[in-house]
Amino acid sequence: MTQDELKALVGRAAIDYVVPGTVVGVGTGSTVNCFIDELARIKDRIAGAVSSSVKSTERLQALGIPVLDANEVERLPVYIDGADEIDHGGYMIKGGGAALTREKIVADIAERFICIADESKLVQTLGRFPLPVEVIPMARAQVARRLAALGGEPVWREGVVTDNGNVILDVRGLSITDPAALEAEINQWPGVVTCGIFARNKASVCLLGTAQGVRTLT
Ligand code: 5RP
């Protein structure tokens with residue numbers, strides 16, 4: 001199976017986790033796009049979606065799925081999103097699509113994070129994928145110096161402005177053995193909006209697309 005077929009497989013499988021009659025939290029990325037296309041088939045059975053990016057909002061609306069503001073919703077039973085890396089504990093690196101901050105906000109409203117990914121995303125230790133960090137523009141150089149002091153090699157993702165008007169630093173060379181500690185450390189620096197480690201908001205379930213079918217990690 002191709003990577004696109006594996007993404008389509010888990011996008012379909014995630015429909016089983018949608019709670020009828022409720023609002024669904026929807027992430028961002030090519031795997032989530034497969035999920036959104038499947039969600040459109042059952043749009044009459046849900047109350048709408050809260051979206052984590054302008055791109056996902058546009059896709060949802062184009063398919064006739066109402067998108068609610070996150071502030072209108074107190075609780076979401078599920079948030080469904082992809083990942084750039086996920087380990088066996090459900091800890092993730094996200095933000096390859098620069099949507100990490102809104103993804104974390106929507107994940108935080110949700111009771112369960114259902115991660116959908118093809119098997120190439122499963123790793124033993126996070127850090128092979130460069131860690132995205134969303135930064136307020138005037139803090140870019142200072143945050144880059146702090147990341148370098150941690151042993152990382154930060155690179156400014158030039159030309160990219162997030163939905164929140166900020167910039168992204170991608171950090172290579174980190175071996176993330178304690179995701180919760182590193183997330184807490186980076187997130188407290190002035191100018192950091194959030195880093196792409198999802199430890200506080202880790203996945204409750206991961207639906208992994210494999211050549212043998214969907215593997216469920218809990
Ligand atoms: C966007 C993300 C995505 O979930 C992540 O990049 C995975 O994307 P894809 O499904 O296209 O591989 O975190 O900010």
Side-chain angles (χ1 to χ4, degrees), residues 1-15 17 24-39 49-60 70 78-87 90-108 110 112-123 126-135 155 157 159-172 176 179 183 186-187 192-210 214-215 217:
M1 267 198 254
T2 65
Q3 197 176 22
D4 284 347
E5 285 168 339
L6 296 178
K7 289 178 182 186
L9 189 69
V10 291
R12 254 192 322 274
I15 291 293
Y17 289 80
V24 185
V26 176
T28 299
S30 55
T31 315
V32 165
N33 284 345
C34 298
F35 169 68
I36 293 174
D37 294 347
E38 294 294 330
L39 194 62
V50 171
S51 162
S52 66
S53 64
V54 171
K55 275 194 184 146
S56 288
T57 297
E58 287 171 353
R59 193 175 186 102
L60 287 158
V78 290
Y79 174 62
I80 294 170
D81 198 359
D84 298 302
E85 279 185 354
I86 181 163
D87 71 12
Y91 297 103
M92 295 171 285
I93 288 183
K94 292 183 47 52
L100 60 164
T101 298
R102 294 189 185 197
E103 291 173 341
K104 215 174 258 190
I105 292 168
V106 186
D108 205 50
R112 298 173 86 200
F113 188 132
I114 313 299
C115 177
I116 50 176
D118 66 84
E119 61 187 341
S120 71
K121 308 288 183 68
L122 185 65
V123 297
L126 299 177
R128 195 181 54 207
F129 189 92
L131 175 67
V133 182
E134 180 165 351
V135 179
V155 174
R157 205 186 294 179
V160 171
V161 177
T162 70
D163 287 350
N164 314 305
N166 298 313
V167 298
I168 299 283
L169 294 170
D170 292 306
V171 193
R172 294 181 186 280
I176 305 173
E183 180 183 33
I186 295 174
N187 282 355
V192 170
V193 180
T194 198
C195 74
I197 300 174
F198 279 56
R200 265 202 79 247
N201 300 97
K202 68 182 185 133
S204 327
V205 174
C206 178
L207 305 177
L208 206 64
T210 77
V214 177
R215 188 174 153 206
L217 310 178

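Just so you know, ligand 1 is whichever comes first in the structure, and atom 1 is the first atom listed for that ligand. Not measured: the values here are computed from a predicted model.
- Residues satisfying the salt bridge (Lys or Arg N to Asp or Glu O under 4.0 Å) criterion with Arg157, sequence neighbours excluded, are Asp170.
- Remark: Asp163 engages no residue in a salt bridge (Lys or Arg N to Asp or Glu O under 4.0 Å) (not counting sequence neighbours).
- Residues Glu183 and Lys202 are not paired through a salt bridge, judged by the lack of any N-O separation under 4.0 Å between the basic side chain and the carboxylate.
- The residues lining ligand 1, counting any heavy atom closer than 4.0 Å, are Lys7, Thr28, Gly29, Ser30, Thr31, Asp81, Gly82, Ala83, Asp84, Lys94, Gly95, Gly96, Gly97, Ala98, Ala99, Glu103, Lys121.
- Looking at residues two or more places apart in sequence or on another chain, you find a side chain to side chain contact (heavy atoms under 4.5 Å, CB included) between Asn164 and Thr101, Arg102, Glu134, Thr162, Asn166.
- Atom CD of Glu119 sits about 8.5 Å away from atom CZ of Arg215, to the nearest 0.5 Å.
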Query - Test side-chain contact (heavy atoms from CB on, under 4.5 Å) applied to Ile93 and Ile176, step by step - result: CA-CA 10 Å; Ile93 288 183; Ile176 305 173; 3.9 Å; yes

